[in-house]
Amino acid sequence: MKVLISVDMEGVSGIVHPSETNPERYDYERGRALMTAEANAVIAGVLDAEPHAVVWVADAHGTFRNLLPEELDRRARLVRGKPRPLGMLGGLDEDTDAVLFVGYHARAGRGPGVLAHTMSDATLDVRVAGRSLGEIGLNAAMAGKLGVPVVMLSGDDTACAELRELVPSAVTVAVKEALAQAAAVVLHPEEAREQLRRAAAEAIARRAMVSPLTMAGPLTVEVDLSSPHMVDLATLVPGVSRVEGSRTITFTTTDFAEAYRLVLLLVQLSSVKPR
């Protein structure tokens, strides 16, 4: 079997502040080490349950170049760097049997949630068929488009609740209790890793009980953007229009994969500054 582990950073135990997740800040190297250690715990759990599994790990935070390759369990294949197809789900295909989300965070506007956001600070909300989705929902639905279930998530308690609302039978591990955007009660990292290893083994063992998250078209997608400049750029994309009198853009598609790719493009456009 093939398993994909998508690893973000904000939901890792011990991490509560942007200084621990930003490559330009003083505490980032410590954050990378914590992130890599949690990835290793989940790899070990997957292989406890399925010793012959092929395990892919997608670095899914920021630059997609955070996990320490030399410290990652050598039994896994690492997907790193960007831009790349499927973004945070790099390596996912129809041959994948299960996806696990590690170190994930809640969507923008849902709180309290540690470092909660949706793809970037420039994206205030994404609604698909009227339902607000953050990175958890968007990635779970993209996996579901390919028939792949999300069987586990780790992060703060708010992120765990977010996945359970979408995939009730998935295993979740709350490695911290959110108090605010940059505050939490956290598990000791070693305790968190022990729980993650056990949970990953359980999630793989019971994967047949988890159904993929599917969203059938046609789908109306609305994205609230923080900047009028971003709205101007987004409306240059064919099929995208502005909701009059707002900073919201909208488009309709019959294919969730198309919606997912367009949201990824909007995130990249957010880095383009007015000249």
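If you read the sequence from its start, that first residue is 1, and numbering goes on from there. Side-chain atoms are counted along with the backbone in the values below, which use heavy atoms only and exclude waters and symmetry mates.
With hydrogens and angles disregarded, a donor-acceptor distance shorter than 3.5 Å links the side chain of His117 to the backbone of Leu115. Glu38 contributes a side-chain N or O that, together with a main-chain N or O of Ser13, makes up a donor-acceptor pair within less than 3.5 Å. Checked by atom type and distance alone, the side chain of Asn40 pairs as donor or acceptor with a backbone atom of Asp73 at under 3.5 Å. The backbone N or O of Ala116 lies less than 3.5 Å from a partner atom in the side chain of Gln181, making a donor-acceptor pair. The backbone N or O of Met119 sits less than 3.5 Å from a side-chain atom of Glu135, completing a donor-acceptor pair. Between the side chain of Lys176 and the main chain of Ile15, a donor-acceptor pair closer than 3.5 Å is present.
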Ignoring hydrogens and angles, write down the donor-acceptor pairs under 3.5 Å from the side chains of residues 204-220, residues two or more places apart or on other chains.
unit_1	atom_1	unit_2	atom_2	d
Arg206	NH1	Ser169	O	2.5
Arg207	NH1	Ile204	O	2.8

Under 3.5 Å, which donor-acceptor pairs do the side chains of residues 41-48 form with other protein atoms, sequence neighbours left out?
unit_1	atom_1	unit_2	atom_2	d
Asp48	OD1	Arg197	NH2	3.0
Asp48	OD2	Arg197	NE	2.7
Asp48	OD2	Arg197	NH2	3.4

Pair Arg110-Glu165, salt bridge (Lys or Arg N to Asp or Glu O under 4.0 Å): steps then yes or no: CA-CA 13 Å; Arg110 177 163 185 163; Glu165 291 170 4; 2.8 Å; yes

message: Between Gln195 and Leu187, does the side-chain contact (heavy atoms from CB on, under 4.5 Å) criterion hold? Intermediate values first, please.
response: CA-CA 10 Å; Gln195 291 192 24; Leu187 293 180; 3.7 Å; yes

query: Checking side chain to side chain donor-acceptor pair (under 3.5 Å) for the pair Glu258/Thr253: CA distance, chi angles, key distance, verdict?
result: CA-CA 7 Å; Glu258 183 177 277; Thr253 179; 2.8 Å; yes

- prompt: Taking it one step at a time, do Asp59 and Asn66 satisfy side chain to side chain donor-acceptor pair (under 3.5 Å)?
  reply: CA-CA 7 Å; Asp59 190 321; Asn66 309 277; 2.9 Å; yes

message: Arg25 vs Glu20, test: side-chain contact (heavy atoms from CB on, under 4.5 Å). Steps then yes/no.
response: CA-CA 7 Å; Arg25 304 292 288 274; Glu20 297 162 323; over 6 Å; no

- request: Using the side-chain contact (heavy atoms from CB on, under 4.5 Å) rule, take Asp97 and Glu50 through it: C-alpha gap first, then chi angles, then the decisive distance, then the call.
  value: CA-CA 12 Å; Asp97 294 285; Glu50 289 283 348; over 6 Å; no

message: Show, in sequence, the C-alpha distance, side-chain angles and deciding distance for Leu266 and Val240, and conclude whether the side-chain contact (heavy atoms from CB on, under 4.5 Å) test is met.
response: CA-CA 11 Å; Leu266 292 175; Val240 174; 5.9 Å; no

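Nearest heavy atom pair, residue Asp95 against residue Lys2, reads O-CB, 3.8 Å. Closest approach of Gly87 and Leu264 over heavy atoms only: N-CD1, 3.9 Å. Closest approach of Thr118 to Ala108, counting heavy atoms only: OG1-N, 3.0 Å. Smallest separation of non-hydrogen atoms from Met35 and Leu67: CG-CD2, 3.7 Å.
When side chains are defined from C-beta on, Arg107 does not count as touching Leu133, because their heavy atoms never get closer than 4.5 Å. Using a 4.5 Å cut-off on side-chain heavy atoms (C-beta onward), Asp8 and His105 make contact. Within the 4.5 Å cutoff, no side-chain heavy atoms of Leu34 are placed close to those of Met9. Looking only at side-chain heavy atoms (C-beta outward), Leu153 and Cys160 come within less than 4.5 Å of each other. Residues Pro112 and Leu179 form no side-chain contact, since every pair of their non-hydrogen atoms from C-beta on lies 4.5 Å or further apart. In this structure, Leu262 and Val221 have side chains that are not in contact, with every pair of non-hydrogen atoms separated by 4.5 Å or more. Residues Met88 and Leu138 have side chains not in contact (no heavy-atom distance under 4.5 Å, counting atoms from C-beta outward). Side-chain contact between Thr21 and His61 is present, with heavy atoms from C-beta onward closer than 4.5 Å.
A distance of 5.0 Å separates CG in Leu92 from CG in Leu146, rounded to the nearest 0.5 Å. Annotation: the span from Ile136 atom CD1 to Glu162 atom CD amounts to 4.0 Å, rounded to 0.5 Å. How far CG of Leu4 is from CZ of Arg77: 12.5 Å, rounded to the nearest 0.5 Å. A distance of 3.5 Å separates OG1 of Thr248 from CG of Asp224, quoted to the nearest 0.5 Å. Summarising the geometry, atom CG belonging to Leu68 is positioned 4.0 Å from atom OG1 belonging to Thr36; distances are rounded to the nearest 0.5 Å. Annotation: the span from Leu86 atom CG to Asn139 atom CG amounts to 9.0 Å, rounded to 0.5 Å.
Within 6.0 Å of CD in Glu70 there are more than 12 heavy atoms belonging to other residues, nucleotides or ligands. In Arg75, the CZ atom is crowded: over 12 heavy atoms of neighbouring residues, nucleotides or ligands sit closer than 6.0 Å.
Arg32 has a carboxylate O that lies under 4.0 Å from a charged side-chain N of Glu29, or vice versa, which qualifies the two as a salt bridge.
Within the structure, no pair that satisfies the ring pair (Phe, Tyr, Trp, His ring centres under 6.0 Å) test touches residues 7-29, not counting sequence neighbours. Listed by first and then second residue, the ring pair (Phe, Tyr, Trp, His ring centres under 6.0 Å) pairs involving residues 226-270 amount to none (not counting sequence neighbours).
No single ILVMFWY cluster, assembled from side-chain heavy atoms under 4.5 Å apart, contains both Val243 and Leu236. A single hydrophobic cluster is not seen to contain both Val185 and Val12; linkage of ILVMFWY side chains at heavy-atom distances under 4.5 Å, directly or through other members, places them apart. Note on Leu124 and Val128: separate hydrophobic clusters, where clusters join Ile, Leu, Val, Met, Phe, Trp and Tyr whose side-chain heavy atoms are under 4.5 Å apart, directly or indirectly.
With sequence neighbours excluded, no residue forms a salt bridge (Lys or Arg N to Asp or Glu O under 4.0 Å) with Lys82. Annotation: salt bridge (Lys or Arg N to Asp or Glu O under 4.0 Å) contacts of Asp125 (sequence neighbours excluded): Arg127.
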